[in-house]
Amino acid sequence: MAINWFKYAAPTTFYGLAGKMIPFFAWPAAILFVIGLYIGFFVAPTDAVQSEAYRIIFLHVPASILSMFVYLIMAGYAALGLIFNTRLSSMMAQALAPTGALFAFISLWSGALWGKPMWGAWWVWDARLTSELILLFLYLGYIALHASIEDPRRADRASALLAIVGSVNVPIIYFSVKWWNTLHQGATIKMSGTSMQIAMQQAMFAVLAACWLYVIAITLARVRSIILEREANTQWVNDLPEVKQTNGRLS
Amino acid sequence: MNKLSLMGLFGLVVRRDLLLAMRRRADVLTTLIFFVMVVSLFPLGVGPEIDMLRKMASGVVWVAALLASMLSLPRMFSADYADGTLEQMMLAPQSLSVLVLGKIVAHWMLSGLPLALIAPVLGLQFDMSAPALWTLVLTLLLGTPVLSMIGAIGAALTLGLRGGGVLVSLLVLPLCIPVLIFGAGAVDAVTSGMSVASNMSLLGAFMLFALVFTPFVAAQALRISME
Amino acid sequence: MLEVGNLACSRGDHRLFSGLCFTLQPGQLLQVQGANGSGKTSLLRTLCGFIQPDEGEILWHGKRVRDLGEDYYAELLYLGHLNAIKDELNALENLQMSAGLAGYTISEKQAVSVLRRMGLQRREHLPVRVLSQGQRRRVALARLLTSDAHLWILDEPLTALDVGAVGLMQELIGEHLSKGGMTIFTTHQPLQVAGVETRQLTLS
C-alpha cells in the first residue's frame with residue numbers, strides 16, 4: 001500500500017489530519033504526566049544527601065533534555081522548509097519555537113528552585129544552567145526575528161537560516177561554557193549518588209515521555225492555528241465548519 | 001573593458017567601503033567613543049579597587065568590544081540597501097560571497113581593528129600588566145573578525161526591518177559567546193601564569209571556521225532579505 | 001533569448017499575476033504595462049532573480065536562470081527605481097564602482113567620455129550629493145554605456161529625465177537593440193525607438 005506522503009504535506013489536508021491526531025497525543029501525555037509525578041513524589045525514595053529537594057529533577061531533567069532536542073528538531077524542520085520550499089515544514093518550525101523556549105524557561109526556573117536548597121543560591125554559573133540560558137536566548141532571537149518580519153515567506157526563510165546557524169553553534173557554545181566553567185569554578189557540582197533507584201528511573205521516563213507527547217500535541221495544535229492564520233483568505237478555510245460558525249455569529 | 005578577477009572584486013569592495021567611511025568619518029568615531037566610554041564606566045560602577053579592576057579588566061574590555069561591534073553592525077548593509085547598490089551587488093556576476101567577504105573585512109577594519117588598537121590604552125586604566133595587554137590586543141585581533149563575520153549574518157537577516165538595530169544584537173550576541181569566553185580567557189590565563197596556546201588556537205579555529213562558512217551564509221541571508 | 005513560461009508571482013497573500021508567458025528575441029523591445037500595483041516592478045525583479053516565482057520558468061538561451069546563476073547575471077543589466085549611486089562619491093567614482101560590481105573595469109578616460117555623452121561634462125568630479133535628481137539619474141544611466149550585457153531590464157528609466165535625456169535614452173536603447181541586445185522596460189511616459197516595434201505586455 002503506497003501512502004502519498006506529499007498529500008499530507010499540504011497544509012489543507014494536514015489541518016484536518018492534525019486535528020484528528022491531537023487527542024492521541026494529548027491524553028497519553030496527561031496520563032503519563034500524572035503517573036510520572038505520582039511515582040516521583042510519592043513512590044521514589046528520599047535521597048540520602050538532598051532529602052526531598054531532589055524531587056524537582058523529575059521536572060527539571062526532562063525539560064532540559066527536551067529544550068535541546070526541540071531546538072534541533074526545529075532547526076531540522078526549518079532546514080527542510082528552506083531547502084525544499086515546503087511550507088508545512090516552516091510552519092512546524094515556527095510552531096515548535098515557543099514550546100522549546102517554554103521548556104528552556106522551565107528548566108532554568110526549576111534549576112533555580114533546585115539550586116537554592118542545594119547550593120544556597122538561586123543562580124550559580126554552572127555549565128549546564130549557563131548553556132540553558134544561552135539556549136533560551138537563541139529561542140528568543142528566533143521568535144523575535146520571525147515576529148518582526150511581516151512577509152511570512154521571508155520570515156520563514158530568514159528565521160530558518162538563523163536556526164541552522166544556531167544549531168551549528170550550539171555544540172560550540174556548550175563546550176565553551178563547559179570549559180569556561182571548569183576553569184573558573186574548579187569542580188562542577190555533580191548529582192550525588194551515581195545509581196538511580198528503579199522508581200526514580202520510572203518517574204523520569206514517564207515524565208520525559210509525557211513531555212514528548214505534549215510537545216507533539218501542542219505543536220500540532222499550534223500548526224493548525226498557523227495554517228488558519230496564513231490561509232485566512234482562501235476558500236477552504238472559509239468553508240470549514242468551525243470558521244463558518246464563527247463568521248455567522250459575528251455577522 | 002577588462003574582466004575583474006575575484007581578488008579584484010574583493011579589493012574593490014574593501015576600497016570602496018573604506019573610501020565611503022572616510023568621507024563619513026563620524027560613524028567610525030562613534031563606535032570607538034562608545035567603546036572607550038563603556039570601559040571607562042565600569043570602575044565608576046564597581047568601585048576603584050585596583051585589585052578587582054585588574055581581575056575584571058579583560059572581561060570588561062571584551063564585553064565592551066562586543067557591544068561596540070554590535071553598534072556598528074546595522075550599518076554594514078543598510079546604506080547599500082537604501083540606495084539600491086545592494087540590488088546591483090546581488091547581480092554581481094562573480095560571487096556574492098566574495099563581495100560579502102569584502103564588506104565584512106572593510107567592516108572589521110573600521111570597527112574591530114580600531115578597538116583592538118585602542119584597547120591597550122584602556123587596559124592601562126585597569127592597571128593591566130604588559131603581557132596581559134599584548135595578549136588582549138592579540139585576542140581582539142583574532143576575535144573581532146569573528147564578530148564581524150557572525151554579525152554580517154545578523155545584519156543581513158534584519159535588513160530593512162523596523163527596530164533592526166536592537167534585533168541584530170539579540171540574534172548575534174548569543175552566537176558570539178564562545179569568542180568572548182576564549183578571548184577574555186586567554187588574558188586571564190596570562191595573568192595567572194598559564195599558557196595561552198589553547199585559547200589562541202581555539203580563537204584561530206573559530207576565525208577559520210567562520211571565514212569558510214559565514215560569507216556564504218550571509219550571502220544567502222541577503223538573498224532572502226531582498227526578496 | 002529569454003523565455004518566460006506560465007510565470008506566477010505573489011506578494012504576501014496577494015496574487016499579482018499568473019500564467020504569464022512571453023519570449024524575447026535579440027533585437028526586440030518589450031514594454032511592461034499596467035496600473036500602479038499591478039506587479040510591473042515585481043515582474044522585473046522576478047526576471048532578475050530577486051524574487052522566486054510561485055510557479056513557472058524563466059529560461060535564458062534554453063537554460064533555467066536559477067541554474068545559470070552568476071552566468072546569467074553577467075548577461076544582465078538591471079536599473080531599478082533606486083539609482084544605486086553613492087552621495088559621497090563623485091560621478092566618475094560611482095561609474096567605476098558600479099562597473100566593478102558588474103564584473104569589469106573601465107579606465108578613467110572611458111568613464112569621462114561616457115559621462116560626457118550623458119551630458120555630465122564638468123560634473124565628473126562633483127560629489128553626487130550636489131547634483132539634481134535628473135543628473136543623478138543620468139549618472140545611473142551611464143552604466144548602460146559601459147556594460148556589454150545583452151539583456152537590459154529597466155524599471156522606469158525615464159523618471160526625472162528632461163526631454164533631451166529622454167531622446168538620448170531612446171538613442172541608447174536603439175543602439176543596444178541594433179547590436180542584438182534585448183530590452184524590457186516599464187514607463188509611464190512614451191518611449192519610441194526609431195525602426196523598432198515596441199511589443200507590449202499588459203498586466204491586469
Please determine, among L173(B), L180(B), L170(B), L159(B), the option with the most heavy-atom pairs under 4.5 Å with chain A.
L159(B)

With respect to chain A, which residue among T158(B), V217(B), V168(B), I181(B) yields the maximal number of heavy-atom pairs within a distance under 4.5 Å?
I181(B)

With only heavy atoms counted, which part of V177(A) is less than 4.5 Å from chain B, the side chain, the backbone, both or neither?
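Both parts, backbone and side chain.
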
Structural part of L135(A) lying under 4.5 Å from a heavy atom of chain B:
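When you check distances to chain B, no heavy atom of L135(A) falls under 4.5 Å.
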
If you take all heavy atoms of V100(B) and P215(B), which pair is closest and at what distance?
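Nearest pair, atom of V100(B) first, then P215(B): CG1-O, 4.0 Å.
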
Could you report the tightest heavy-atom contact between I224(B) and R154(A), atom names first, then the distance?
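Distance-wise, the nearest heavy atoms are O-CG, 3.8 Å.
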
Distance, nearest 0.5 Å, that separates OG1 of T86(A) from CE of M92(A):
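Separation between the atoms: 11.0 Å.
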
Nearest 0.5 angstrom please: M128(B) CE to S58(B) OG, how far?
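Those atoms lie 6.0 Å apart.
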
Where does [X] contact chain A at under 4.5 Å (heavy atoms): side chain, backbone, both or neither?
| X | value |
| --- | --- |
| I153(B) | side chain |
| F213(B) | neither |
| I177(B) | side chain |

Looking at side-chain heavy atoms only, is the closest gap between F103(A) and I65(A) below 4.5 Å?
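Counting from C-beta outward, F103(A) and I65(A) never come under 4.5 Å.
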
Counting distance only, does the side-chain N/O of Y71(A) pair as donor-acceptor with the main-chain N or O of Y139(A) below 3.5 Å?
no

